[in-house]
Amino acid sequence: MTPLAGYLLVAALLFSIGLAGALTRRNAILVLIGIELMLNAANLNLIAFWRYGPHPELLTGMIFAIFSIAVAAAEAAVGLGLVIQIHRHAKTTDLDQMNRMKG
Amino acid sequence: MSLVFYILAALTIAGALAAVLLKNTVHCALALTVAFAGLAFLFLNLDAQFAGFAQIMVYIGAVAILVVFAILLTKNSETPKDGVFSHTWLVGLLVAAAVFAMLSWAILQSVSRLPQAMPAPTVTVLQIGEALIGRYALPLEIVAVLLTVALIGAVIVAMHEKEGIQ
């Protein structure tokens, strides 16, 4: 197995673990944790393809991953702010109990 | 495939599994930090030093702290009594397993066409900085605006509104 295939398999497994966490957990914060794991798996793919691709000196994959890290940080801040506000409003972070759009 | 890769991959996967499987939410956040650290070391192992240290600073330094603060502010630190998994957990697990099966099938089908081991690229921080302010100047500006907007938005969304103050 080539090194690139190993990294891609680790990223695929990490993405699936994050997806399983986002789809099965009841706590909204744990769903956000699953989404963060999926974003990180995508970053690992970008870095691995940059390292083993034909033109690493162009830095395309690495810069893409750095921008992706910045966007993921913004996403985490907004997502956790929303969870805190929902908890203040509905007194729960259990997604099974959040079944109304109306305040 | 070196031994270092296997150790780091096992650390990352174990941290991620613990983050989605543990019952106590604070333990989940700590396991998530382990997974982030494993990923940062994988980046370093891939000769992407800048991305590895950015991962350590942004994820272990900021995102993990944010997650812990959100857990403590929403009083989630104790283990819930009535299960931690949604009642549709089986569907979610099946979807995730199907996604992993398809991704790994695609990777294993294309192993022979993937590039073989390459010499390590030498990338200095100077080159990354020149790329950021040269070729990628517009995305850098857009990310700066996005971060500002997102942080102001997060503060406004999470701000406590007193009664009578609009």
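The figures that follow rest on heavy atoms only: side chains count, while hydrogens, waters and symmetry mates do not. Throughout, protein chains are lettered first and strands after them, A, B, ... in sequence-line order, and every chain is numbered starting at 1.
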Worksheet item: What part of Ala65(A) lies closer than 4.5 angstrom to a heavy atom of chain B: side chain, backbone, both or neither?
Response: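 Neither part.
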Item to complete: Name the region of Tyr52(A), side chain, backbone, both or neither, that has any atom closer than 4.5 Å to a heavy atom of chain B.
Response: both
Identify which part of [X] has an atom lying under 4.5 Å from any heavy atom of chain A, answering side chain, backbone, both or neither.
X         : value
Met159(B) : backbone
Val123(B) : side chain
Thr122(B) : neither
Phe69(B)  : neither
Val143(B) : side chain
Ile152(B) : neither
Leu17(B)  : both

Could you measure the distance from the [atom1] atom of [X] to the [atom2] atom of [Y]? Nearest 0.5 Å is fine.
X        : Y        : atom1 : atom2 : value
Thr24(A) : Leu93(B) : OG1   : CG    : 7.0 Å
Ile63(A) : Phe50(B) : CD1   : CZ    : 8.0 Å
Thr88(B) : Arg26(A) : OG1   : CZ    : 10.5 Å

Report the option among [options] that has the most heavy-atom pairs separated by less than 4.5 Å from atoms of chain A.
options                                  : answer
Val58(B), Leu151(B), Leu103(B), Leu32(B) : Leu32(B)
Ala51(B), Ala48(B), Ser2(B)              : Ala48(B)
Asp47(B), Leu73(B), Leu108(B)            : Asp47(B)
Trp89(B), Phe85(B), Phe36(B)             : Phe85(B)

Side-chain contact, heavy-atom cut-off 4.5 Å: [X] with [Y]?
X        : Y        : result
Leu44(A) : Leu46(B) : yes
Leu23(A) : Val95(B) : yes
Tyr7(A)  : Asn45(B) : yes

N/O donor-acceptor pairs under 3.5 Å from side chains in residues 72-83 of chain A, not counting sequence neighbours:
none

Worksheet item: For the side chain of Arg88(A) and the backbone of Ala158(B), is there at least one donor-acceptor N/O pair under 3.5 Å apart?
Response: yes
Worksheet entry | Heavy-atom contacts under 4.5 Å, residues 28-37 of chain A to chain B |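 When heavy atoms of chain B are the reference, residues 28-37 of chain A contributes Ile29(A), Leu30(A), Ile33(A), Glu36(A), Leu37(A) within the under-4.5 Å range.
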Item to complete: Check salt bridge (Lys or Arg N to Asp or Glu O under 4.0 Å) between Arg25(A) and all other residues, then give those that pass, not counting sequence neighbours.
Response: none
Could you tabulate the donor-acceptor pairs under 3.5 Å formed by side-chain atoms of residues 126-142 of chain B, not counting sequence neighbours?
from: Gln127(B); atom 1: OE1; to: Thr124(B); atom 2: N; distance (Å): 3.0
from: Gln127(B); atom 1: OE1; to: Thr124(B); atom 2: OG1; distance (Å): 3.4

Worksheet, complete the sentence: Greatest number of non-hydrogen atom pairs under 4.5 angstrom with chain B, of Asp94(A), Ile86(A), Leu95(A), Ile17(A), falls to Ile17(A)
